[in-house]
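Per chain, numbering begins at 1; letters A, B, ... match sequence-line order.
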Amino acid sequence: MKKFLKTLSANDVGSTGAHMGGILIPKGDDELLAFLPHLDPNEYNPDEWILCVTPDGREFRLRYVYYNNRFHKPNGTRNEYRITHLTKYLKSEGAKEGDIFEISKEDGATRYLMNVVPATKDEEESADNGPVRIKISAGWRRVH
DNA sequence: AGCCATGCACCG
DNA sequence: CGGTGCATGGCT
């Protein structure tokens, strides 16, 4: 099973007043890009819907988008991935800036599992005996 | 590269 | 009419 963690930013949880309701995916990481559905860079703003279940069994459909107008519009500047439609879930969990968002999936499975764990716990511990955490980009970790 | 912000459309 | 998401621009 592959599993990725992201520390939520203020903008991610909506506490900045932003109303774009979603989180940012680092681009340029092959493991993460392979883990998520494939989005064709040759398409303009391609998106894919992924099915996520929470630990308590609720299901959410999330939109995984690649904003790439940099390559498709004359003066486009966007080149980033995002996952939206998360506001409902994050609010229901009372997620705040600094908390950890987890997303995992069994190899070959179709459904993803997601979870948010409060900031205080997971961070400090696990120096060298817990699971291996590899920093792959700002805010993101991959767990083996 | 990543996070912050927003005008407008849509929908209840 | 208020909330949410889309697509995009801006700032660090």
Just to confirm, is there a sub-4.0 Å distance from OP1 or OP2 of B/dC3 to any side-chain nitrogen or oxygen of A/Lys6?
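Yes, A/Lys6 has a side-chain N/O under 4.0 Å of OP1/OP2 on B/dC3.
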Under 4.0 angstrom between A/Arg63 side-chain N/O and C/dC6 OP1 or OP2:
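Result: yes.
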Please enumerate all residues that pass salt bridge (Lys or Arg N to Asp or Glu O under 4.0 Å) together with A/Asp47, with sequence neighbours excluded.
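Testing A/Asp47 for salt bridge (Lys or Arg N to Asp or Glu O under 4.0 Å), a comparison that skips the adjacent residues, returns A/Arg63.
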Can you list everything that forms a side chain to side chain donor-acceptor pair (under 3.5 Å) with [X]? Sequence neighbours excluded, please.
{"X": "A/Ser104", "result": "none"}
{"X": "A/Lys96", "result": "none"}
{"X": "A/Asn69", "result": "none"}

Those residues of residues 74-93 of chain A lying under 4.0 Å from DNA chain C by at least one heavy atom:
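Nucleic-acid contacts, sorted: A/Thr77, A/Arg78, A/Arg82, A/Thr84, A/His85, A/Thr87.
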Of all of residues 34-45 of chain A, which get a heavy atom below 4.0 angstrom from DNA chain C, listed by number?
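The answer is A/Tyr44, A/Asn45.
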Would you kindly give the [atom1]-to-[atom2] distance between [X] and [N], to the nearest whole Å?
{"X": "A/Ile25", "N": "B/dC3", "atom1": "CD1", "atom2": "C1'", "value": "14 Å"}
{"X": "A/Tyr67", "N": "B/dT6", "atom1": "OH", "atom2": "P", "value": "17 Å"}
{"X": "A/Asp12", "N": "B/dA5", "atom1": "CG", "atom2": "P", "value": "13 Å"}
{"X": "A/Met20", "N": "C/dG10", "atom1": "CE", "atom2": "C1'", "value": "14 Å"}
{"X": "A/Asn11", "N": "C/dG5", "atom1": "CG", "atom2": "P", "value": "13 Å"}
{"X": "A/Leu24", "N": "C/dG10", "atom1": "CG", "atom2": "P", "value": "18 Å"}
{"X": "A/Asn68", "N": "C/dT8", "atom1": "CG", "atom2": "C1'", "value": "13 Å"}
{"X": "A/Lys73", "N": "C/dT8", "atom1": "NZ", "atom2": "P", "value": "6 Å"}

Restricting to pairs with a member in residues 4-18 of chain A, which pass salt bridge (charged side-chain N to carboxylate O under 4.0 Å, His left out), not counting sequence neighbours?
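Listed once each, the pairs are A/Lys6-A/Asp12.
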Nearest-neighbour nucleotide for the A/Ala18 side chain, B/dT6, B/dC4, C/dT8 considered:
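The closest nucleotide is B/dT6.
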Tell me, please, which residues at least two apart from A/His19 pass side-chain contact (heavy atoms from CB on, under 4.5 Å).
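So A/His19 forms no side-chain contact (heavy atoms from CB on, under 4.5 Å) with any residue.
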Quick one: list whatever passes side-chain contact (heavy atoms from CB on, under 4.5 Å) with A/Leu24, sequence neighbours left out.
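So A/Leu24 forms a side-chain contact (heavy atoms from CB on, under 4.5 Å) with A/Glu80.
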Which atom pairs, one a donor and one an acceptor, fall under 3.5 Å between side chains of residues 31-43 of chain A and the rest of the protein, sequence neighbours left out?
from: A/Asp40; atom 1: OD1; to: A/Asn42; atom 2: N; distance (Å): 2.9
from: A/Asp40; atom 1: OD1; to: A/Asn42; atom 2: ND2; distance (Å): 3.3

pair A/Asn45-A/Arg78: side-chain heavy atoms closer than 4.5 Å:
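Heavy-atom side-chain distance check fails, nothing below 4.5 Å.
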Test: A/Lys27 cationic atom under 6.0 Å from A/Tyr81 six-membered ring centre, within 45° of axis
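No.
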Base, backbone or nothing for each nucleotide of nucleotides 7-12 of chain B, written B, S, -, heavy atoms under 4.0 angstrom, 5' to 3'?
BB----
Residues 55-62 of chain A, side-chain donor-acceptor partners within the protein, below 3.5 Å, at least two apart:
from: A/Asp56; atom 1: OD1; to: A/Thr54; atom 2: OG1; distance (Å): 2.6
from: A/Asp56; atom 1: OD2; to: A/Arg58; atom 2: NE; distance (Å): 3.0
from: A/Asp56; atom 1: OD2; to: A/Arg58; atom 2: NH2; distance (Å): 3.4
from: A/Arg58; atom 1: NH1; to: A/Ser92; atom 2: OG; distance (Å): 3.2
from: A/Arg58; atom 1: NH2; to: A/Glu93; atom 2: OE2; distance (Å): 2.8

